[in-house]
**Student:** 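Below you'll find the structure I mean.
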2 protein chains.
Amino acid sequence: MASSAPKYDVFQAIADPTRRRLLQLLVEQEMPVTVISGHFPISRTAVSKHLRILAEAGLVQERKVGRETRYRMQPEPLQELKQWLAYYEQFWDNKLAALAHYMENQDAEGIVDRVPKIVKQERETKG
Amino acid sequence: MASSAPKYDVFQAIADPTRRRLLQLLVEQEMPVTVISGHFPISRTAVSKHLRILAEAGLVQERKVGRETRYRMQPEPLQELKQWLAYYEQFWDNKLAALAHYMENQDAEGIVDRVPKIVKQERETKG
DNA sequence: CCATTACGAAACCTTTTCGTTTCATATTCG
DNA sequence: CGAATATGAAACGAAAAGGTTTCGTAATGG
């Protein structure tokens with residue numbers, strides 16, 4: 001219920017290529033909006049909107065310095081992504097792959113509902 | 001140049017929550033469309049479109065069995081995401097953080113163009 | 001003080017995205 | 001064969017995304 005709860009999804013925030021480039025630009029160095037937008041072919045206002053989205057996802061931090069607002073990347077929220085990824089890593093770099101395969105070929109009743117009836121009549125039109 | 005070149009971006013593919021749920025559902029088990037769509041509150045056709053997007057990103061594989069089309073997750077394309085993430089991991093779990101901070105406080109000329117003039121007149125309206 | 005600079009808010013437009021319903025086609029089975 | 005099933009393609013609609021230009025306001029500095 002606090003103020004810093006991410007309102008924008010990290011997955012969505014990084015979906016846009018421009019925003020990924022923004023992160024890259026701001027990962028090591030804080031920069032004011034005008035300077036940032038100089039690195040992009042779109043308007044300053046458009047960049048500003050992307051920055052807001054990133055900020056709401058917690059991926060950049062803003063700080064007012066005089067009349068400028070400086071932005072800098074904040075990598076922490078990416079941990080959520082890392083965690084999400086970690087789950088699927090199991091399935092590509094080893095181990096459970098064999099097990100999953102085994103279950104599939106066994107008839108998967110009890111693992112996922114509704115599947116069995118259809119799975120059973122497997123007929124393979126073509127070899 | 002082959003047929004399996006990903007036409008859809010992985011970042012974009014996983015941006016949608018429904019598609020992430022699809023991946024989760026299909027990670028261990030292959031399933032036909034009708035069964036899959038039974039797990040979602042949207043129409044079968046809508047699910048089918050999401051599956052197509054995932055397929056174009058290489059995240060699911062489809063296989064025709066009789067009159068049904070079965071889908072299953074293919075985790076490999078997530079490696080791109082992992083790689084992208086790895087770059088930023090440096091910045092949250094250690095090392096370079098200190099260095100980056102150092103550079104910032106030093107005046108960052110030569111690191112990012114255009115910054116210097118503005119950075120220098122730092123005045124900090126408020127403490 | 002007043003012109004300039006930095007920036008976000010607002011209004012607006014175009015394209016995508018996500019969903020729907022309807023239709024066509026292939027496969028299965030009595 | 002013909003009804004039923006599984007699915008994608010097409011046409012369509014509403015809302016969100018990404019962009020632009022214009023305007024208001026706050027800070028700077030001559």
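Labels below follow one simple rule: chain letters A, B, ... track the order of the sequence lines, proteins then strands, and each chain is numbered from 1. Heavy atoms only: backbone and side chains are in, while hydrogens, waters and symmetry mates are out. Because the structure is a prediction, the values reported are computed rather than measured.
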**Student:** Starting from P on dA6(C), measure out to CG on Leu51(A) and report it in whole angstrom.
**Tutor:** 16 Å
**Student:** Walk me through it: do Arg44(A) and Val33(A) pass the test side-chain contact (heavy atoms from CB on, under 4.5 Å)?
**Tutor:** CA-CA 7 Å; Arg44(A) 196 208 73 234; Val33(A) 179; 3.8 Å; yes
**Student:** With rounding to the nearest 0.5 angstrom, report the CG to CG distance, Leu59(B) to Leu78(B).
**Tutor:** 5.0 Å
**Student:** Return yes if the base of dT7(D) and the side-chain atoms of Arg67(B) contain a donor-acceptor N/O pair under 3.5 Å, otherwise no.
**Tutor:** no
**Student:** Between dC18(C) and Thr18(B), is there an OP1 or OP2 to side-chain N/O distance shorter than 4.0 Å?
**Tutor:** no
**Student:** Quick one: Glu68(B) CD to dG8(D) P, roughly how many Å, whole number?
**Tutor:** 11 Å
**Student:** Applying side-chain contact (heavy atoms from CB on, under 4.5 Å), run through Val27(B) and Tyr87(A) and close with a yes or a no.
**Tutor:** CA-CA 10 Å; Val27(B) 68; Tyr87(A) 173 72; 3.8 Å; yes
**Student:** For the helix from dC1(C)-dG30(D) to dG30(C)-dC1(D), what angle separates the axis at the start from the axis at the finish, each from five pairs, in steps of 10°?
**Tutor:** 10°
**Student:** Apply the test side-chain contact (heavy atoms from CB on, under 4.5 Å) to residues Tyr71(A) and Leu54(A): give CA-CA distance (whole Å), side-chain angles for both, the deciding distance (0.1 Å), then the verdict.
**Tutor:** CA-CA 10 Å; Tyr71(A) 289 85; Leu54(A) 289 172; over 6 Å; no
**Student:** Expressed in angstrom and rounded to an integer, what is the separation of Arg70(A) atom CZ from dA6(C) atom C1'?
**Tutor:** 12 Å
**Student:** Classify the nucleic acid contact of Phe40(B) as base, sugar-phosphate or nothing, counting any heavy atom under 4.0 Å across all strands shown.
**Tutor:** nothing
**Student:** Over 60° means perpendicular and under 30° means parallel, so classify the ring planes of Tyr88(A) and Phe91(A), tilted if in between.
**Tutor:** tilted
**Student:** Can you tell me the distance, in whole Å, between the CD atom of Glu62(A) and the C1' atom of dG8(C)?
**Tutor:** 10 Å
**Student:** Could you encode protein contacts along nucleotides 9-17 of chain D as a string, one character per nucleotide from 5' to 3', using B for base contact, S for sugar-phosphate-only contact and - for no contact, with a heavy-atom cut-off of under 4.0 Å?
**Tutor:** BBB-----S
**Student:** When the distance from NZ of Lys64(B) to P of dA6(D) is rounded to whole Å, what number comes out?
**Tutor:** 13 Å
**Student:** Under 4.0 Å between any heavy atoms, over every strand shown, what does Ser43(B) touch: base, sugar-phosphate, or nothing? Just pick one.
**Tutor:** base
**Student:** Donor-acceptor pairs under 3.5 angstrom involving side-chain atoms of residues 13-24 of chain B: please list them, not counting sequence neighbours.
**Tutor:**
unit_1   : atom_1 : unit_2   : atom_2 : d
Asp16(B) : OD2    : Thr18(B) : N      : 2.8
Asp16(B) : OD2    : Arg19(B) : N      : 3.1
Arg19(B) : NE     : Ala13(B) : O      : 2.7
Arg19(B) : NH1    : His50(B) : ND1    : 3.1
Arg19(B) : NH2    : Gln12(B) : O      : 3.2
Arg20(B) : NH1    : Ile14(B) : O      : 2.7
Arg20(B) : NH1    : Ala15(B) : O      : 3.1
Arg21(B) : NH2    : His39(B) : O      : 3.2

**Student:** For the pair Arg70(A) and Glu62(A), find out whether any cationic side-chain nitrogen is under 4.0 Å from an anionic carboxylate oxygen.
**Tutor:** no
**Student:** Report the distance from atom CG of Leu54(B) to atom C1' of dT17(C), rounded to the nearest whole Å.
**Tutor:** 14 Å
**Student:** Between Phe11(B) and Trp84(B), does a side-chain contact (heavy atoms from CB on, under 4.5 Å) hold up when you go through it step by step?
**Tutor:** CA-CA 10 Å; Phe11(B) 289 92; Trp84(B) 182 84; 3.6 Å; yes
**Student:** Contact between Gln29(B) and Met31(B) at the side-chain level, heavy atoms closer than 4.5 Å - yes or no?
**Tutor:** yes
**Student:** Distance check needed: dG8(C) C1' versus Glu56(A) CD, whole Å only.
**Tutor:** 13 Å
**Student:** Less than 4.0 angstrom between a side-chain N/O of Ser48(B) and OP1 or OP2 of dT7(D), yes or no?
**Tutor:** no
**Student:** Taking only the side-chain nitrogens and oxygens of His50(B), find out if one of them lies under 4.0 Å from OP1 or OP2 of dT17(C).
**Tutor:** no
